[in-house]
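Structure first, then comments.
We use all heavy atoms of the structure for the numbers below, so side chains are in, but hydrogens, waters and symmetry mates are not. Proteins get letters first, then strands, A, B, ... in listed order; numbering begins at 1 in each.
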Amino acid sequence: MEIRLTNTYAREKQVFEPSDPDRVTMYVCGPTVYSYAHIGNARPPVVFDVLYRLLRAKFGADHVVYAVNFTDVDDKIIDASQETGEPISTITQRYEQIYREDMAALGNLEPTFRPRATEHIGDMIALMEDLAAKGHAYQGESGLWFHVPSMETYGRLSKRNRDDMIAGARVEVGADKKDPADFALWKAAKDGEPDAAKWDSPFGVGRPGWAIECSAMAKAKLGETIDIHGGGQDLIFPHHENEIAQSECAHGGKPFARYWLHNGFLSMDSEKMSKSLGNVKLVHQLLEKWPGEVLRMALLSAHYRGPLDWTDALLEQSRATLDRLYNALRRMSDVVVEDVEPPAGLVAALCDDLNTPQALAELSRLATEANKAKDADKPRLKGELLAGGALMGLLQQDPDQWARGDDSDAARIDALVAERIAARKAKDFAKADQIRNDLAAEGVEIMDGPQGSTWRKV
RNA sequence: GGCCUCGUGGCGGAGUGGCUACGCAGCGGACUGCAAAUCCGUGUACCCCGGUUCGAGUCCGGGCGAGGCCUCCA
């Protein structure tokens with residue numbers, strides 16, 4: 001089935017055809033590692049992880065190369081280091097580790113590459129020398145600038161022309177900038193900045209600008225032209241526009257990325273997420289209260305391009321949806337899975353510009369079907385549920401464990417449930433109900449069935 | 001001001017011209033000792049106003065409303 005993706009270049013869905021089906025390449029802008037990731041930061045990794053899984057399914061797991069960078073040199077990191085007195089590397093290593101753990105908890109596969117900016121300074125310098133040699137960059141007092149008027153097509157992705165950009169009052173003409181739209185490739189070191197954020201270069205001692213790292217790392221890991229580049233829609237301008245400018249000007253006009261994908265924003269209870277409003281929710285904090293899979297389900301419950309309002313109700317509902325799906329699997333615990341292809345309807349939904357809500361509807365339909373299926377159909381349905389879930393990074397946990405949570409007091413609950421079964425057999429319903437009520441009070445729900453009783457934590 | 005999103009039933013959320021997705025909640029029923037889980041049934045939904053069309057949530061125009069970006073924020 002062909003994959004269709006909304007390409008920001010065209011603002012419409014296009015059939016995705018990689019330049020080389022044996023090596024499909026995708027790059028997604030990763031985090032600046034100076035603090036915890038918030039839930040909005042988690043949307044691109046989750047969304048593009050689903051795309052990664054879909055591409056692997058279609059082109060083969062060994063034929064998809066996926067890179068997500070770590071930005072480990074940046075003004076904010078320097079600020080953080082100066083505030084806390086901690087070395088830069090201590091900060092970046094710590095938050096890189098936390099980020100990896102958080103992303104794993106959300107069920108994301110490990111990308112093929114996680115390049116660090118500081119490990120590609122040489123690549124950046126090579127790219128900048130190329131740009132300078134070709135007349136796209138010039139040296140100023142405060143660093144090396146990319147000269148925007150040197151590129152005719154600048155602004156194509158964001159559909160901005162130069163006048164639009166300059167019209168914004170916030171654009172300042174730096175003392176050594178030739179054009180207000182020019183942006184920094186290399187920033188000269190300032191007094192008092194730590195040595196760990198300084199590198200020698202033909203353009204003086206300094207550090208890379210914001211966008212050059214992505215151009216350099218994408219080239220180093222994936223090549224001069226990549227198939228898919230993803231990120232949040234706030235990055236369209238200027239970040240991605242600048243990446244395009246750097247890469248395409250350095251590479252003689254070869255396209256930098258063939259398909260640009262951008263995800264929409266999260267709001268928090270209908271409000272913009274911002275530090276000043278104090279409504280920033282960190283993945284790390286959310287994981288203390290919710291299973292990572294619930295967060296993932298919530299992030300996938302809306303189409304990636306649209307907005308998503310993050311609320312407690314959304315999380316409750318996401319958990320209820322997972323409960324229902326896991327309940328269906330749990331009823332088939334002893335069914336031997338048939339090795340099947342992921343369900344066609346679900347694949348079709350994902351192939352249609354990653355329509356995850358539609359795909360989830362397919363899972364739900366399968367669960368209903370499984371719940372009323374004859375035994376002969378169950379191996380297939382269980383297989384489809386698991387295969388479909390795997391394509392979305394869902395439903396891979398043991399259903400019993402999902403229902404029972406950590407097993408620390410499972411034995412005690414099992415004993416009470418057994419006691420209740422005995423009471424019911426003896427028609428001592430008062431006692432049976434008492435046990436059920438007691439368990440309900442501590443959040444344990446009993447489900448009676450023909451083959452006995454099971455329980456789950458609510 | 002410029003560019004770009006979005007506006008669907010009580011809630012979440014699909015739908016890219018015609019066959020009223022799906023889930024949660026509610027209601028009715030089945031099952032159950034009673035429940036829960038599960039199954040079945042159940043909803044005068046498409047921001048407003050024009051237009052195109054035999055037919056529009058879906059296309060076009062104009063409003064209104066919410067949001068994002070406009071030099072380093074996913």
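- The one candidate from A/R207, A/K198, A/K187 that meets the salt bridge (charged side-chain N to carboxylate O under 4.0 Å, His left out) condition with A/E193 is A/R207.
- Atom CG in A/L106 sits roughly 13 Å away from atom C1' in B/rA74 (whole-Å rounding).
- With A/H229 as reference, A/F256 is the one residue of A/F256, A/Y9, A/F48 to meet the ring-ring contact (aromatic ring centres under 6.0 Å, His included) rule.
- You'll find that the side chain of A/M273 is closest to B/rA74, out of B/rA14, B/rA37, B/rA74.
- Using a cutoff of 4.0 Å between basic side-chain nitrogens and carboxylate oxygens, A/R365 and A/E369 are not scored as salt-bridged.
- Where A/F265 and A/N355 each meet RNA chain B at their nearest nucleotide, the meeting point lying more 5' is that of A/N355.
- Going from the P atom of B/rC59 to that of B/rU5 covers 13 Å, rounded to whole Å.
- Rounded to a whole angstrom, the distance from the P atom of B/rG7 to that of B/rC11 is 15 Å.
- In this structure, A/N327 reaches the sugar-phosphate backbone alone: every heavy-atom distance under 4.0 Å involves primed, P, OP1 or OP2 atoms, never a base.
- A donor-acceptor contact under 3.5 angstrom links the side chains of A/Y138 and A/D182, judged on distance only.
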Dot-bracket assigned to RNA chain B with the 3.5 Å Watson-Crick/G-U criterion, [ ] for crossing and | for other-strand pairs, is ((((((((.[[[..)..(...]]].(((((.......)))))....[[[[[..)....]]]]])))))))....
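- Evaluated for a ring-ring contact (aromatic ring centres under 6.0 Å, His included) with A/F146, the options A/W210, A/W186, A/F203, A/F183 yield exactly one hit, A/F183.
- Using a 4.0 Å heavy-atom cutoff across all strands shown, A/T368 reaches sugar-phosphate atoms only and no base atom.
- Minimum atom distance to the side chain of A/L308 is reached by B/rG13, of the listed B/rA21, B/rG2, B/rG13.
- Computed from coordinates, the A/D269 CG to B/rC11 P distance equals 15 Å when rounded to whole Å.
- Among the heavy atoms of the strands, none lies under 4.0 Å from A/L360.
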Audit row: A/E442, A/R412, salt bridge (charged side-chain N to carboxylate O under 4.0 Å, His left out) steps and yes/no: CA-CA 13 Å; A/E442 56 173 299; A/R412 182 181 59 84; 3.0 Å; yes
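- OP1 or OP2 of B/rC72 has not a single side-chain nitrogen or oxygen of A/K76 nearer than 4.0 Å.
- Geometrically, A/R43 does not engage A/Y304 in a cation-pi contact, judged by NZ or CZ lying under 6.0 Å from the ring centre and within 45° of the ring axis.
- In terms of position along RNA chain B, the nucleotide closest to A/K372 lies nearer the 5' end than the nucleotide closest to the other residue of the pair A/D182 and A/K372.
- Nucleotides B/rC22 and B/rC40 have their P atoms positioned 11 Å apart, rounded to a whole Å.
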Step by step, work out the side-chain hydrogen bond (donor to acceptor under 3.5 Å, both in side chains) result for A/Q246 and A/N242. CA-CA 6 Å; A/Q246 293 158 352; A/N242 292 353; over 6 Å; no
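- Using a cutoff of 4.0 Å between basic side-chain nitrogens and carboxylate oxygens, A/R116 and A/E96 are scored as salt-bridged.
- Within 4.0 Å (heavy atoms only), A/H38 reaches at least one base atom of the nucleic acid.
- The pair A/R296-A/E293 fails the salt-bridge criterion, with no side-chain N (NZ, NE, NH1 or NH2) lying under 4.0 Å from an Asp/Glu carboxylate O.
- Within 4.0 Å (heavy atoms only), A/A313 reaches no atom of the nucleic acid at all.
- Counting heavy-atom neighbours within 6.0 Å of A/E141 CD, excluding the residue itself, gives a total of 12 or less.
- Of the candidate nucleotides B/rC70, B/rA37, B/rA74, B/rA37 has the atom nearest to the side chain of A/R456.
- Applying the 4.0 Å criterion to OP1 and OP2 of B/rG2, one finds that A/K159 has every side-chain N and O outside that range.
- Aromatic rings from A/Y95 and A/Y36 are positioned such that their centres are separated by under 6.0 Å.
- Note on A/K187: a base of the nucleic acid sits closer than 4.0 angstrom, heavy atoms only.
- Counting non-hydrogen atoms under 4.0 angstrom, A/R330 reaches nothing in the nucleic acid.
- Residues A/R404 and A/D398 are not paired through a salt bridge, judged by the lack of any N-O separation under 4.0 Å between the basic side chain and the carboxylate.
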Just by protein heavy atoms under 4.0 Å, how would nucleotides 24-33 of chain B read 5' to 3' in B, S and -? S--------B
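- Rounded to an integer number of Å, the gap from A/D352 CG to B/rG13 C1' is 15 Å.
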Counting primed atoms plus P, OP1 and OP2 as sugar-phosphate and everything else as base, spell out the protein contacts along nucleotides 5-10 of chain B at 4.0 Å heavy-atom distance: B, S or - for each nucleotide, 5' to 3'. SS----
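- Applying the 4.0 Å criterion to OP1 and OP2 of B/rU38, one finds that A/N371 has every side-chain N and O outside that range.
- Residue A/L235 is classed as a sugar-phosphate contact, given heavy-atom separations below 4.0 Å to backbone atoms only.
- Counting to the nearest Å, the P atom of B/rC4 and the CG atom of A/N263 are 19 Å from each other.
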